[in-house]
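To start, the structure itself, in structure tokens.
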Amino acid sequence: MKPLLEVVQLARSFGGVRAVDGVSFAIRKGEFLALIGPNGAGKSTCFNMINGQLAADSGNILLAGETIIGLKPREIWRRGVGRTFQIAATFGSFTVIENVQMALLSHAGEIFRFWGPVARRHRDEAMELLAQVGMAEQADRAGRELAYGDVKRVELAIALANRPQLLLMDEPTAGMAPRERNQLIALVKRLVGERGISVLFTEHSMDVVFAHADRIIVLARGKLIADGNAVSIRANPAVQEVYFGTGKTFERAAP
């Protein structure tokens, strides 16, 4: 089976700094792939090129066998790539359900219609998405009233509104307590497993990465230095070197 996403010799420089240097990897359908690395490794640059926010200097990105290099983020979204951000992006003045309805309206090409007459459109589907992320009971609360962990759940429902085949998650647990982090990622993994969605996520929390990722790829100074499961990555000398210096190892993360 061909990979859903293929990144081929991707490169990007900023002045004299080679932020991403010939990175190649692939994601299979339904795979939960973590992209990690120390600060300055090139994670965000790589991630943003895949999403179309940054142009690549060279290389290629294939989604379901078709190149998406040069497409704008909205065009990539239209092809079935969802996205969540390190800082959750929702409309605080809208209710929870209206936030999800807006995403559904956009997916249906109805976003520029007058809001009033379409306020009930896609309500059932929005409620179904909110139920899946555990937010149905808060559907009519204003977004600005939510706790941060609940905002992240609403953002996940929004990201699922366009029925993505690939979900990009940038630091999905940033700013969350340890218990909330693992609960959110466990929820994401269950939902994407049920839907057969592939996920690429960046994450600084190693307990989340080692407990939940199917596979882990590691960047350092713009290059891919490791690719494997949690056991092999934890034991990899190159990974230990860039994170901690020679002789130190990752502590085993609690599930």
Side-chain angles (χ1 to χ4, degrees), residues 2-89 106 155-156 158-160 162-174 188 192 197-205 208-209 213-228 233 238-239 242:
K2 293 191 66 175
L4 175 64
L5 182 77
E6 296 175 83
V7 174
V8 184
Q9 291 295 308
L10 201 61
R12 171 73 190 226
S13 295
F14 297 97
V17 178
R18 192 80 160 169
V20 174
D21 190 1
V23 168
S24 297
F25 62 89
I27 305 176
R28 299 185 297 273
K29 180 178 174 60
E31 189 171 29
F32 206 67
L33 177 64
L35 171 61
I36 68 171
N39 290 336
K43 303 185 301 297
S44 295
T45 301
C46 186
F47 203 78
N48 288 330
M49 284 190 286
I50 294 170
N51 188 54
Q53 290 182 301
L54 281 176
D57 292 337
S58 61
N60 201 4
I61 304 169
L62 301 167
L63 179 67
E66 296 185 2
T67 186
I68 58 173
I69 282 283
L71 297 183
K72 296 178 180 179
R74 183 167 183 80
E75 294 171 323
I76 294 173
W77 180 80
R78 285 286 183 192
R79 294 191 179 208
V81 179
R83 173 78 190 263
T84 70
F85 296 86
Q86 182 173 350
I87 300 174
S106 179
E155 187 188 35
L156 175 59
I158 291 169
L160 295 174
N162 74 322
R163 301 172 187 171
Q165 54 183 328
L166 173 66
L167 182 59
L168 304 176
M169 305 186 75
D170 188 8
E171 298 285 348
T173 70
V188 173
V192 301
I197 300 171
S198 303
V199 176
L200 174 65
F201 71 104
T202 64
E203 183 58 63
H204 280 297
S205 175
V208 167
V209 170
D214 296 326
R215 195 170 113 243
I216 303 165
I217 55 177
V218 187
L219 294 184
R221 296 179 291 278
K223 292 182 177 292
L224 184 68
I225 64 167
D227 183 339
I233 294 297
V239 176
V242 299

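What's counted below: heavy atoms across the whole structure, side chains too, no hydrogens, waters or symmetry copies. Residue numbers start at 1 and run along the sequence shown. Since this is a predicted model, take the numbers as computed values, not measurements.
Taking 4.5 Å as the limit, some side-chain heavy atom of F25 sits within range of a side-chain heavy atom of L200. Residues E6 and I61 are not in side-chain contact: their nearest non-hydrogen atoms beyond the backbone lie 4.5 Å or more apart. Side-chain contact between F14 and T45: present, with at least one pair of heavy atoms (C-beta onward) separated by less than 4.5 Å. A 4.5 Å side-chain heavy-atom check between V20 and M49 finds at least one atom pair inside the cut-off. The shortest side-chain heavy-atom distance between V188 and L156 falls under the 4.5 Å cut-off. Contact check for T202 versus I36: no side-chain heavy atoms found under the 4.5 Å cut-off. In this structure, V23 and L219 have side chains that are in contact, with non-hydrogen atoms separated by less than 4.5 Å. Between L167 and F201, every side-chain heavy-atom pair lies at or beyond the 4.5 Å cut-off.
Contact between G22 and A11 at its shortest, heavy atoms only, is N-CB, 4.0 Å. Smallest separation of non-hydrogen atoms from I225 and A238: CD1-O, 3.9 Å. Taking all atoms of both residues into account, the shortest heavy-atom contact from V209 to A34 is CG1-CB, 3.9 Å. The shortest heavy-atom contact between R83 and F47 is NE-CE2, 3.3 Å. Between A226 and I233 the shortest heavy-atom distance is CB-CD1, 3.7 Å. Here the closest non-hydrogen pair linking A159 and T84 is CB-CG2, 3.8 Å.
No hydrogens or angles considered: a donor-acceptor pair under 3.5 Å links the side chains of T173 and E203.
Here the SG atom belonging to C46 is positioned 5.5 Å from the CG atom belonging to L10, to the nearest 0.5 angstrom. In this structure, L62 CG and I68 CD1 are separated by 8.0 Å, a value rounded to the nearest 0.5 Å. We find the CG-CG distance between L54 and N48 to be 5.0 Å, quoted to the nearest 0.5 Å. Taken from CD1 in I76 to CD in Q53, the straight-line distance is 9.0 Å, to the nearest 0.5 Å. Taking CD1 from I216 and CG from L35, the interatomic distance works out to 11.0 Å, rounded to the nearest 0.5 Å.
Judged as a side chain to side chain donor-acceptor pair (under 3.5 Å), and not counting sequence neighbours, the contacts of Q9 are S24.
N60 contributes no side-chain N or O that, together with a main-chain N or O of T67, makes up a donor-acceptor pair within less than 3.5 Å. No donor-acceptor pair under 3.5 Å is formed between the side chain of Q165 and the backbone N or O of S198.
Listed by first and then second residue, the salt bridge (Lys or Arg N to Asp or Glu O under 4.0 Å) pairs that reach into residues 21-39 are R18-D21, D21-K223, R28-E31, E31-R215, sequence neighbours excluded. Every pair passing salt bridge (Lys or Arg N to Asp or Glu O under 4.0 Å) that includes a residue from residues 52-71 is listed here, sequence neighbours excluded: E66-R79.
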Quiz item: What do the steps show when you test K72 against R78 for side chain to side chain contact (heavy atoms under 4.5 Å, CB included), and what is the final call?
Solution: CA-CA 10 Å; K72 296 178 180 179; R78 285 286 183 192; over 6 Å; no

Practice problem: Please assess I197 against L166 for the test side chain to side chain contact (heavy atoms under 4.5 Å, CB included), listing each intermediate value before the final yes or no. | Solution: CA-CA 6 Å; I197 300 171; L166 173 66; 5.7 Å; no

